[in-house]
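A short write-up of the structure that comes next.
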Protein chains: 2
Amino acid sequence: MARTTGSDGEKTEAAVREAAVNLIARFGYEAMSMRQLAAEVGVQAAALYRYFPTKEELLFTLMREHMEGLTDAWETACPISADPVQRLSAYVENHIAFHIERRHATHVSNMELRSLSPERLTQILRMRTAYEKELRAILRDGAEAGVFSIDDTGLTAMALIQMMTGVIVWFRPGERLSITEVTATYLSMTMRLVGAGTDGETTHDGARALGRARDAAAL
Amino acid sequence: MARTTGSDGEKTEAAVREAAVNLIARFGYEAMSMRQLAAEVGVQAAALYRYFPTKEELLFTLMREHMEGLTDAWETACPISADPVQRLSAYVENHIAFHIERRHATHVSNMELRSLSPERLTQILRMRTAYEKELRAILRDGAEAGVFSIDDTGLTAMALIQMMTGVIVWFRPGERLSITEVTATYLSMTMRLVGAGTDGETTHDGARALGRARDAAAL
DNA sequence: GCTATAATAAAACGAACGTTCAATTAATTC
DNA sequence: GAATTAATTGAACGTTCGTTTTATTATAGC
């Protein structure tokens, strides 16, 4: 009726986070009750409040750490090269890999923004904007260097991000296509979309990007 | 304390629908209470049950009619022509126009699927799949005719739909870009994405699609 | 082995939820 | 103008919600 044998704060908190991501992704933040979450962890609802002061704080923590993870992943994957094509390839590969790997967390971060208080919403949106700004910079550099052919940098960045993030809606591991194949196809589509390779070999550019993606994924 | 002067069932039901779409889009289905909805309409909560037997039935009705509207819009916009480029252009123009015009309803239909019962979810998803199938058919025809260069028809269709639907996330009427300009840019991106116009004038294809979109929007 | 503390259970809080029901009044029909 | 129907109110139902409080037990340090 109180502390249970083998109970461990760190393990419980980790279990709460994981269960929360899964439940919120499946049922939504509002639909998930603290009692339901506690039951999934194998604990009473009151125990959750040892780790997270409120339900919203729990949601915010999940979102903030997801965004930090995305930013960190890009910082380590970001190539030193100044070649816009290589940078764009790295961005696409990192984005798709990260979002497929963390499908549930991405779902939460994208769908539950309206459940945050205004200040917390602003904080998450700032992180997201910073991440998207990286893509816009790549597109702008490529357009200025003449290797991309882009009508509107902002619009193209939004279109690309929504296209890539959309992968988590339909992608299921172990089905028709592997992550490698999906990434390769999306890289090919991305390069065509930004008009990369207008130097006469447009038709073969998709194949080149595809080969590059396969190389990268094989590492 | 009972029927109010000037009360009219049809008007009240229409007001309920409109208020529900706006509230669900803003706060989410679970977060919107029937009392909140009633207050927005200027009525007591019990009055809502004259028009919708349950909260979920209300959500389902909104979603079903939205999907029917989308299908109907495409049926009237669908050109008789067999030219894949023209058909794809029409699809993109219709999709973007419809989704911008009904931003809130689209938001509801995309975000609140998990709040439907299994049978109703299946019903909505069937309508959605049928609509997406139209795009896949266009892409397949274009690929077979050699006017499109596509790696994977299914993947490309999903990428395009997510790219286009994403417009409602950031588009706000009266800001930097008009609907016409946005549509033109998306048409251009779409055509490049599917590899339309590989006959040596790739670079100018975007401009052609853009002109076509401006013509269409000017009607 | 005692003490301090970390981790949890159990019960309860008031508030809000979706929904129902009976009563009441406006509009319509004859 | 009486009877009928349409539209709505106000109060209440039982349930569930997020959260708090208090008590209880396991673990760790000395």
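All of these numbers come straight from a predicted model, not from anything done at the bench. In what follows, chains carry the letters A, B, and so on, assigned in the order in which the sequence lines appear, proteins first and then strands, with residues in each chain numbered from 1.
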D:dT8 phosphate, OP1 or OP2, under 4.0 Å from B:Thr12 side-chain N/O:
yes
Minimum-distance nucleotide to A:Tyr51 side chain [options: D:dT9, C:dA7, D:dC17]
C:dA7
For a quick check under 3.5 Å, do A:His95 and A:Tyr186 share a side-chain donor-acceptor pair by atom type?
no
Using the rule given for side-chain contact (heavy atoms from CB on, under 4.5 Å), can you reason through A:His66 versus A:Val108, listing the C-alpha separation, both sets of side-chain angles and the distance that settles it, and then say yes or no?
CA-CA 9 Å; A:His66 180 252; A:Val108 172; over 6 Å; no
Counting only side-chain heavy atoms from C-beta out, which of D:dT8, D:dG18, D:dA11 sits nearest to B:Ala46?
D:dA11
Please check the phosphate of D:dG10 (OP1 and OP2 only) for any side-chain N or O of B:Gln44 closer than 4.0 Å.
yes
B:Lys55 NZ to D:dT15 C1': how many Å, rounded?
15 Å
I need the CD-P distance between B:Glu56 and C:dC17, as an integer number of Å.
19 Å
A:Ala31 or A:Pro53: which one's nearest nucleotide on DNA chain D is closer to the 5' end?
A:Ala31
When the distance from CZ of B:Phe52 to P of C:dT20 is rounded to whole Å, what number comes out?
15 Å
Report yes or no: do A:Asp151 and B:Ser188 form a side-chain donor-acceptor pair below 3.5 Å?
yes
By nearest atom, which of the nucleotides D:dA7, D:dG18, C:dT19 is closest to the A:Tyr49 side chain?
D:dG18
Nearest-Å distance for atom pair CG/C1', residues B:Leu59 and C:dG18:
15 Å
It should be established whether A:Ser33 places a side-chain nitrogen or oxygen under 4.0 Å from OP1 or OP2 of nucleotide D:dT16.
no
A:Arg17-A:Asn22 side chain donor-acceptor pair, cut-off 3.5 Å:
no
Regarding the side chain of B:Ala47, the nearest nucleotide among D:dT9, C:dA9, C:dT19 is D:dT9
In whole Å, what is the span from the CZ atom of B:Arg50 to the C1' atom of C:dG18?
19 Å
Separation of A:Lys11 atom NZ from D:dA26 atom C1', in whole Å?
15 Å
Between P of D:dC17 and CG of A:Leu58, the distance in whole Å
16 Å
Atom CE of A:Met34 and atom P of D:dT20: how far apart are they, to the nearest Å?
10 Å
Report the C-alpha distance between A:Asp152 and B:Arg176 in whole Å, list the side-chain angles of each, state the deciding distance to 0.1 Å, and finish with yes or no for salt bridge (charged side-chain N to carboxylate O under 4.0 Å, His left out).
CA-CA 11 Å; A:Asp152 186 301; B:Arg176 185 169 66 92; 2.9 Å; yes
